Amino acid sequence: MRLSRYYLPVLKETPSEAQIVSHQLMLRAGMIRQESAGIYAWLPLGFRVLKKIEQIVREEQDRAGAVEMLMPTIQSAELWRESGRYEAYGKEMLRIKDRADRDMLFGPTNEEMITEIFRAGVRSYKDLPKMLYHIQWKFRDEVRPRFGVMRGREFLMKDTYSFDADSAGARASYNKMFVAYLRTFARMGLTSIPMRADTGPIGGDLSHEFIVLADTGESAVFCDRKLLDLEVPGAGTDFDGDLQPLIDRYTSFYAATEEKHDNAEFEARVAKGDRIAARGIEVGHIFYFGEKYSAPMRAMITGADGKDRPVEMGSYGVGVSRLAGALIEAYHDEAGCKWPVAVAPFHVGLVNLKQGDPGTDAACAKANRALEEAGVEVLYDDTASRPGEKFARMDLIGLPFQLIIGPRGLEAGKVEVKRRADGRKDEVSLDAALDMLKRDVRSALKV
RNA sequence: CGGAGCGUAGCGCAGUCUGGUAGCGCAUCUGCUUUGGGAGCAGAGGGCCGCAGGUUCGAAUCCUGCCGCUCCGACCA
């Protein structure tokens, strides 16, 4: 993609409303634009990141056996009256009336709707288990939106719903999502830690928040260092096998957010050298809630004993749009973003240091073509900007690799490859640089 | 929802107290010089000063109402 054709409105100065670094950088890097309190337009660069995140989430959901679908953003209040949540939800729910004066709402979540969909098509335990998910915009009319996309009112969320005949089946579904989440966040370059969460009136141990560690995270977290060393389940994990030992290994270590932290327990269970007090961001939440919706909404299945009973359900959310912010919180420096390859808007920033110079233009055109043909995503800065401005802009948008080509280097037969992650620079021939980039991008994208 | 602020050019801000032809920096455009880490000089364009009333000879400035946004707190993926 040529930068001269792209829409990348970068800002030199930090807008005053942005308080945290991810919000500041998303605005400065031209990724988002606020359209209303807590509501953002995703500009081309931000949109690409969002789609990368979404695709990784999708691939791991599919791998775990969940099936994708799409439910509408606008829902009828009728459904929510069935579950009793229409009254209970409060002002966070955006309520709308249609032209016939019917009560509608912009969905903050989809438990009611999926329950309605499920009960329309499933009658027997023989049809279970099922896991359905969609990736859709949600709206919660937060009292106080802030931190950019980290806590907007409109947000993109992946939500999966599981349906099982009994609690053992529900636990198996829960475990699948647990593993899928570990893999999902790891693929984005994030260290996620599952932390025991409040299960409310249902009780039990089947609720975890997935926290991503980031120095500037919004909540304090405490955990055992050994959690960070656990191997993330591989792509070959058998999701139909027994995942319980794997889950047990993860949940055997102490991990708690500030609200649930018990310092005495922390010190008793974790060796002094292994105690980590860090900051984190909640990016996922998995939750088993049994018959909470299936019972009032009459989503019944017939068991082997011939008796009807409400289906066992769970729901599993990932904050897709929030992850874009969380990734910046985890990967940035003074100059800007530092995207992991898997979620970078482009893999390589190609910098033409002297646009208009025939030799430089030709070398850049060759590099651009060769990389794109190899499946490497290139943002080619073919503008007439000065070198300093180009460098600063590339650093700001944070593509993982920069390929810098100018007349001075070409004269010596060299171009420069810069790695945004560690700042390492290599001066090599153009062909060597292209090989290096293709190889490094490919290996970074290995699942 | 309680408390505190702010709305002036695309962005960052001054001007408001004390009413008198709307400013600064960056960005944008033109020309010349520059060209390997956000260039220099010269010139130019761009504003219902959030909206609506009111006071006044005269309102960005004073008064009233409304709208929007931000921050702190309580709440959340």
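Just so you know, these numbers come straight off a predicted model, no measurement behind them. Naming: A, B, ... by sequence-line order, numbering from 1 per chain.
- Projected onto RNA chain B by closest heavy-atom contact, A/Glu142 and A/Ser385 fall at different nucleotides, the more 5' of which corresponds to A/Ser385.
- The residue A/Gly38 sits apart from the nucleic acid: no heavy atom pair falls under 4.0 Å.
- When the P atom is compared between B/U30 and B/G45, the two are found 15 Å apart, to the nearest whole Å.
- Within the 4.0 angstrom heavy-atom criterion, only backbone atoms of the sugar-phosphate kind lie near A/Lys91; the bases stay farther away.
- Using a 3.5 Å distance cut-off with no hydrogens or angles, the side chains of A/Tyr250 and A/Asp248 do not pair a donor with an acceptor.
- For RNA chain B, the span of nucleotides reached by chain A at under 4.0 Å from its heavy atoms goes, 5' to 3', from B/C1 to B/A77.
- Rounded to whole Å, the separation between the C1' atoms of B/A60 and B/C1 comes to 33 Å.
- The P atoms of B/G3 and B/C49 are separated by 32 Å, rounded to the nearest whole Å.
- Across all their heavy atoms, A/Gly280 and A/Ile211 have their closest contact at CA-CG2, 3.6 Å.
- Under the side chain to side chain donor-acceptor pair (under 3.5 Å) rule, A/Glu59 has a single partner from A/Gln55, A/Arg63, A/Gln61, which is A/Gln55.
- No engagement by A/Glu209 is indicated, since no non-hydrogen atom pair under 4.0 Å with the nucleic acid exists.
- Checking B/G25 for Watson-Crick or G-U wobble geometry (two distances, each under 3.5 Å) identifies B/C11 as its partner.
- Taking the P atoms as reference points, B/G50 lies 14 Å from B/A22, given to the whole Å.
- Within the 4.0 angstrom heavy-atom criterion, base atoms lie near A/Lys12.
- Counting non-hydrogen atoms under 4.0 angstrom, A/Thr14 reaches the backbone sugars and phosphates but no base.
- Rounded to a whole angstrom, the distance from the C1' atom of B/A77 to that of B/C6 is 29 Å.
- Side chains of A/Thr160 and A/Lys158: a donor-acceptor N/O pair is present below 3.5 angstrom, by distance only.
- Along RNA chain B, the nucleotide closest to A/Ser36 and the one closest to A/Asp395 are compared, and the more 5′ of them pairs with A/Asp395.
- With respect to A/Asp357 and A/Arg408, no salt bridge is recorded, no charged nitrogen being found less than 4.0 Å from a carboxylate O.
- Taking atom C1' in both B/A27 and B/A9, the straight-line distance is 11 Å, to the nearest Å.
- B/U18 makes up no base pair with any nucleotide shown, lacking Watson-Crick or G-U wobble contacts both under 3.5 Å.
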Begin from the C-alpha positions of A/Phe178 and A/His208 and carry the test ring pair (Phe, Tyr, Trp, His ring centres under 6.0 Å) through to its verdict.
CA-CA 8 Å; A/Phe178 192 107; A/His208 286 87; 5.3 Å; yes
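- Across all strands shown, A/Glu13 has heavy atoms under 4.0 Å from base atoms, whether or not it also approaches the sugar-phosphate.
- Base pairing annotation: B/G65 forms a Watson-Crick or G-U wobble pair with B/C51, both donor-acceptor distances under 3.5 Å.
- Using the Watson-Crick or G-U wobble rule with both distances under 3.5 Å, B/G31 pairs with B/C41.
- Taking the C1' atoms as reference points, B/C67 lies 14 Å from B/G53, given to the whole Å.
- The NZ atom of A/Lys425 sits 7.0 Å away from atom CD1 of A/Ile404, with the distance rounded to the nearest 0.5 Å.
- Separation of the C1' atoms belonging to B/G23 and B/G15 is 7 Å when rounded to the nearest angstrom.
- Residue contacts shown for A/Lys425 include a base, since a base heavy atom lies under 4.0 Å away.
- Remark: B/U70 base-pairs with B/A4; criterion is Watson-Crick or G-U wobble with both hydrogen-bond distances under 3.5 Å.
- Residue A/Lys158 is out of contact with every strand shown, counting any heavy-atom pair closer than 4.0 Å.
- When heavy atoms are screened at a 4.0 angstrom cut-off, A/Gly406 is found touching base atoms of the nucleic acid.
- Here B/A59 sits opposite no nucleotide as a Watson-Crick or G-U wobble pair (both hydrogen-bonding atom distances under 3.5 Å).
- Nucleotide B/A77 forms no Watson-Crick or G-U wobble pair with any nucleotide shown, as no partner meets the under 3.5 Å limit on both distances.
- Counting heavy atoms from C-beta on, the side chains of A/Phe185 and A/Phe210 come closer than 4.5 Å.
- Using a cut-off of 4.0 Å between Lys/Arg side-chain N and Asp/Glu carboxylate O, A/Asp381 and A/Arg393 are scored as salt-bridged.
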